[in-house]
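We use all heavy atoms of the structure for the numbers below, so side chains are in, but hydrogens, waters and symmetry mates are not.
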Amino acid sequence: MSAVPIANPLAADAPTVRPTTFDRALQWLAGCFVVVLLGVVTAGIVSRAAGHPLSWTDEGSCFLMIWLACLGWMIATRRNAHIRIRFFQDKLPAQPWRWTEAVIQIGMAVFGGVIAWYSVHLVRTNADIEALALPLSNAWMYAPMVPAGLMTMVQALMDLARQIKGTAPRSKVIAP
């Protein structure tokens, strides 16, 4: 499914792109993780208040929070919504702006690749270590960083390809 530009009421020069099925699936998955995280935290609070704390809720909420943070990272990457200071870049004429954008995208691709590469190492290193209160491998704590890093790399390479073709806008916003 290709992205279709729609009007953006927030910025006249920043076209908004409709989310794809993949984007919606990421958002849905993140929403599910929020609900499960709230349930686990609530179970921990209620069980402590009742005088019989559940031993797994702290560790479970930690695992869920890490996964949720990585899902948020992937959603922000797809929306091009990470914090970025464009003040000086936006003052540049079109051609130097494209060159600086290309350098930024190359840097982001390298960053995503490095994160994914080292995350694979962390998953392998922790695969045989069991969590304290849950019957899970500690590798699950590092596992979401692999797809998050890969997504950062792939998205940056796609944005770089658009820059090279000259089809990328000066900035874009993906509708929620």
Counting N and O atoms only, with roles assigned by atom type, does the side chain of D23 sit under 3.5 Å from a partner on the main chain of T20, one being a donor and the other an acceptor? yes
Distance-minimising heavy-atom pair for P135 and E130: CA-OE2, 3.9 Å
Are I45 and W56 co-members of a hydrophobic cluster defined by side-chain heavy atoms under 4.5 Å apart? yes
Just one of Q89, R162, Q163 clears the side chain to side chain donor-acceptor pair (under 3.5 Å) bar with E101, so which one? Q89
Look up atom CG in D58 and atom CG in L132, then write down how far apart they are to the nearest 0.5 Å. 11.0 Å
Hey, what do you get for CE (M145) to CG (L150), rounding to the nearest 0.5 Å? 11.5 Å
Determine yes or no for a side-chain-to-main-chain donor-acceptor pair under 3.5 angstrom, with S137 supplying the side chain and N126 the backbone. yes
Heavy atoms only: give me the nearest A109-A156 pair and the separation to one decimal. N-CB, 3.5 Å
Could you tell me the separation between the SG atom of C32 and the CH2 atom of W67, rounded to the nearest 0.5 Å? 13.5 Å
Show the nearest heavy-atom pair for residues A139 and A127, with the distance to one decimal. CB-CA, 3.8 Å
Does L134 belong to the same Ile/Leu/Val/Met/Phe/Trp/Tyr cluster as I129, with side-chain heavy atoms less than 4.5 Å apart forming each link? no
Mutual orientation of the aromatic rings belonging to F111 and W73 [parallel < 30°, tilted 30-60°, perpendicular > 60°]: tilted
Same cluster or not: L29 versus V154, using hydrophobic residues (I, L, V, M, F, W, Y) connected whenever any side-chain heavy atoms lie under 4.5 Å apart? no
Please say whether more than 12 non-hydrogen atoms of neighbouring residues, nucleotides or ligands are located less than 6.0 Å from CE in M65. no
Within this structure, what is the CG-CG distance for the pair N138 and D128, rounded to the nearest 0.5 Å? 10.0 Å
For the pair S119 (side chain) and Y142 (backbone), establish whether a donor and an acceptor sit closer than 3.5 Å, ignoring hydrogens and angles. no
Minimum heavy-atom distance P144-C70, with the two atoms named: CB-CB, 3.7 Å
Report the distance from atom CD1 of I75 to atom CE of M151, rounding to the nearest 0.5 Å. 9.0 Å
Taking a hydrophobic cluster as the set of Ile, Leu, Val, Met, Phe, Trp and Tyr residues connected by side-chain heavy atoms closer than 4.5 Å, whether directly or through intermediates, do V103 and L92 fall within one such cluster? no
Would you confirm whether Q155, through its side chain, and T77, through its main-chain N or O, come within 3.5 Å as a donor-acceptor pair? no
Validation row: F22, L26 side chains within 4.5 angstrom (heavy atoms): yes
Among T100, L157, D159, V110, which residue satisfies the side chain to side chain contact (heavy atoms under 4.5 Å, CB included) criterion with Q105? D159
About how many Å separate CH2 of W97 and CD1 of I104, when rounded to the nearest 0.5 Å? 8.0 Å
Shared hydrophobic cluster, V34 / L71 (ILVMFWY, side-chain heavy atoms < 4.5 Å): yes
Show your working on side-chain contact (heavy atoms from CB on, under 4.5 Å) between L64 and V40 and close with a plain yes or no. CA-CA 9 Å; L64 290 167; V40 169; 3.8 Å; yes
For T57 and R48: C-alpha separation, side-chain torsions, deciding distance, then whether side-chain contact (heavy atoms from CB on, under 4.5 Å) applies. CA-CA 10 Å; T57 57; R48 281 191 187 101; 4.2 Å; yes
Can you check side-chain contact (heavy atoms from CB on, under 4.5 Å) on K91 and F87, steps first, answer last? CA-CA 7 Å; K91 301 269 185 215; F87 179 78; 3.5 Å; yes
Worked check of side-chain contact (heavy atoms from CB on, under 4.5 Å) between W117 and M153: CA-CA 11 Å; W117 178 263; M153 182 180 70; over 6 Å; no
Taking the side chain as every heavy atom from C-beta outward, state whether M141 and C62 have any atom pair closer than 4.5 Å. yes
Could you verify whether a donor N or O on one side chain and an acceptor N or O on the other, from Q27 and R24, lie under 3.5 Å apart? no
